[in-house]
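These notes concern the structure reproduced below.
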Amino acid sequence: MSEALGQQALDQLFFNAHSYNSFADKAISEETIAELYDLLKWGPTSMNTQPGRYLFIQSQEAKERLLPAMIASNAEKTRSAPLTVIIASDSEFYEHLPTQFTAYDAAPLFRDNTGLAQETAFRNGSMQGAYLITAARALGLDCGPMSGFDADKVNAEFFPEGRWKVNFIVNLGYGAEGGHHPRGQRLAFDQVAAIL
């Protein structure tokens, strides 16, 4: 049985973590990016579908391609962030199931049901995006997740073949002093949950 994490880890992952709007001028190495994926990939998905796809935008040229799709306030955040991740879902994730889910041949369930495939890709890809945020915090990075962008423009620019589809976008880096808003309140347990 696993033991509960200590307070320091909980603080870093949740209690003291913020969504950052600005970051220190410090690059994120390709080794750290690889380490980030090697950590987040272990988060569970239904039937081990793993539909999440990640486009790491680091070069200025790639950022210039992304900025026209961002709303104005997010464009500035993205321009100055050391790294931006487009988190997408692969609409044909099921092609990998024969090696990733070996209990039985599950690929036809999705190949023959577009609605189920889209729903599964979006739900599980969203979970994998959340795993990316948690893994980044575990590695000492700060995150700025965003949904203020034109998805059609992002897809046309980066995924024109149509198989991958953007879900949301996250800026990553080392948070700048004062680079976040004051923490907002969270809803209480009895406002959002019940035990039956």
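What you see is a predicted model, and the numbers here were worked out from it, not measured in a lab. Hydrogens, waters and symmetry mates are skipped; everything else that's a heavy atom, side chains included, is used.
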Quiz item: Can you name the nearest heavy-atom pair linking Gly179 to Ser22, along with the distance?
Solution: CA-OG, 3.1 Å

Practice problem: Using the side-chain contact (heavy atoms from CB on, under 4.5 Å) rule, take Tyr104 and Met47 through it: C-alpha gap first, then chi angles, then the decisive distance, then the call. | Solution: CA-CA 10 Å; Tyr104 57 88; Met47 298 174 74; 3.5 Å; yes

Practice problem: Could you tell me how the ring of Phe23 sits relative to the ring of Tyr20: parallel (under 30°), tilted (30 to 60°) or perpendicular (over 60°)? | Solution: tilted

Quiz prompt | Spatial distance of atom CE (Met70) from atom NZ (Lys77) [nearest 0.5 Å] | solution = 8.5 Å

Quiz item: Taking C-beta and beyond as the side chain, do Gln128 and Pro51 meet within less than 4.5 Å on heavy atoms?
Solution: yes

Let me check something: any side-chain donor-acceptor pairs from residues 153-163 under 3.5 Å, sequence neighbours excluded? List them with distances.
unit_1, atom_1, unit_2, atom_2, d
Asn155, OD1, Val166, N, 2.8
Asn155, ND2, Ala151, O, 3.3
Glu157, OE2, Arg65, NE, 2.6
Glu157, OE2, Arg65, NH2, 3.4
Arg163, NE, Asp90, OD1, 2.7
Arg163, NE, Asp90, OD2, 3.3
Arg163, NH2, Asp90, OD2, 3.2
Arg163, NH2, Glu92, O, 3.1

Exercise. Report, as yes or no, whether the 6.0 Å neighbourhood of atom CG on Asp25 holds more than 12 heavy atoms from other residues, nucleotides or ligands.
Key: no

Exercise. Mind listing the closest non-hydrogen atom pair of Thr84 and Ala81 along with its distance?
Key: OG1-CB, 4.3 Å

Self-check item: Glu95 side, atom CD; Gln100 side, atom CD - distance, nearest 0.5 Å
Solution: 13.0 Å

Quiz item: With a 4.5 Å limit on heavy-atom distance, are the side chains of Arg183 and Phe15 in contact?
Solution: no

Exercise. For the pair Thr120 (side chain) and Ala117 (backbone), establish whether a donor and an acceptor sit closer than 3.5 Å, ignoring hydrogens and angles.
Key: no

Quiz item: Going through the distances and angles, do Leu36 and Phe56 end up as a side-chain contact (heavy atoms from CB on, under 4.5 Å)?
Solution: CA-CA 11 Å; Leu36 173 61; Phe56 292 92; 4.1 Å; yes

Practice problem: Check the pair Phe110, Leu97 against side-chain contact (heavy atoms from CB on, under 4.5 Å), reporting the backbone distance first and the verdict last. | Solution: CA-CA 10 Å; Phe110 302 102; Leu97 284 180; 3.8 Å; yes

Self-check item: Nearest-0.5 Å distance that lies between atom CD1 in Ile71 and atom CD in Glu76
Solution: 12.5 Å

Could you list the donor-acceptor pairs under 3.5 angstrom formed between side-chain atoms of residues 130-148 and any protein atom two or more places apart in sequence or on another chain?
unit_1, atom_1, unit_2, atom_2, d
Tyr131, OH, Pro44, O, 2.7
Thr134, OG1, Ala130, O, 3.2
Arg137, NH1, Leu13, O, 2.9
Asp142, OD2, Gly175, N, 2.7

Exercise. Could you tell me whether Glu61 atom CD has more than 12 heavy atoms of other residues or ligands within 6.0 Å of it?
Key: no

Self-check item: Nearest non-hydrogen partners of His180 and Ser19, listed with the distance
Solution: CB-O, 3.4 Å

Quiz item: Got more than 12 heavy atoms from elsewhere within 6.0 Å of CZ, Phe122?
Solution: no

Quiz item: Nearest 0.5 Å, what's the CG-CD1 distance between Leu172 and Ile28?
Solution: 5.0 Å

Quiz item: Going from OG on Ser80 to NZ on Lys63, what distance comes out if it is rounded to the nearest 0.5 angstrom?
Solution: 7.0 Å

Practice problem: List the steps, then state whether side-chain contact (heavy atoms from CB on, under 4.5 Å) holds for Leu66 with Ile169. | Solution: CA-CA 10 Å; Leu66 176 60; Ile169 297 174; 4.1 Å; yes

Exercise. Show the numbers, then the answer: is there a side-chain hydrogen bond (donor to acceptor under 3.5 Å, both in side chains) between Asp11 and Gln7?
Key: CA-CA 6 Å; Asp11 286 344; Gln7 190 62 46; 2.8 Å; yes

Quiz item: Looking only at heavy atoms, what is the nearest atom pair of Ser126 and Asn167, with distance?
Solution: OG-ND2, 2.8 Å

Quiz item: Between CG of Asn48 and OG1 of Thr99, what distance do you get to the nearest 0.5 Å?
Solution: 9.0 Å

Exercise. Spell out, as yes or no, whether a donor-acceptor pair under 3.5 Å connects the side chain of Ser89 to the backbone of Ala121.
Key: yes

Self-check item: Trace of the side-chain hydrogen bond (donor to acceptor under 3.5 Å, both in side chains) decision for Gln60 with Glu64
Solution: CA-CA 6 Å; Gln60 196 57 44; Glu64 292 302 324; 3.0 Å; yes

Quiz prompt | Val170 vs Tyr54 side-chain heavy atoms within contact, under 4.5 Å | solution = no

Practice problem: Report yes or no: do Tyr94 and Trp164 belong to one cluster of Ile/Leu/Val/Met/Phe/Trp/Tyr joined by side chain heavy-atom distances under 4.5 Å? | Solution: no

Quiz item: Checking Thr78 side chain against Asn74 main chain: does a donor-acceptor pair fall under 3.5 Å?
Solution: yes

Quiz item: Are Phe168 and Leu40 in one and the same hydrophobic cluster, where Ile, Leu, Val, Met, Phe, Trp and Tyr link if side-chain heavy atoms are under 4.5 Å apart?
Solution: yes

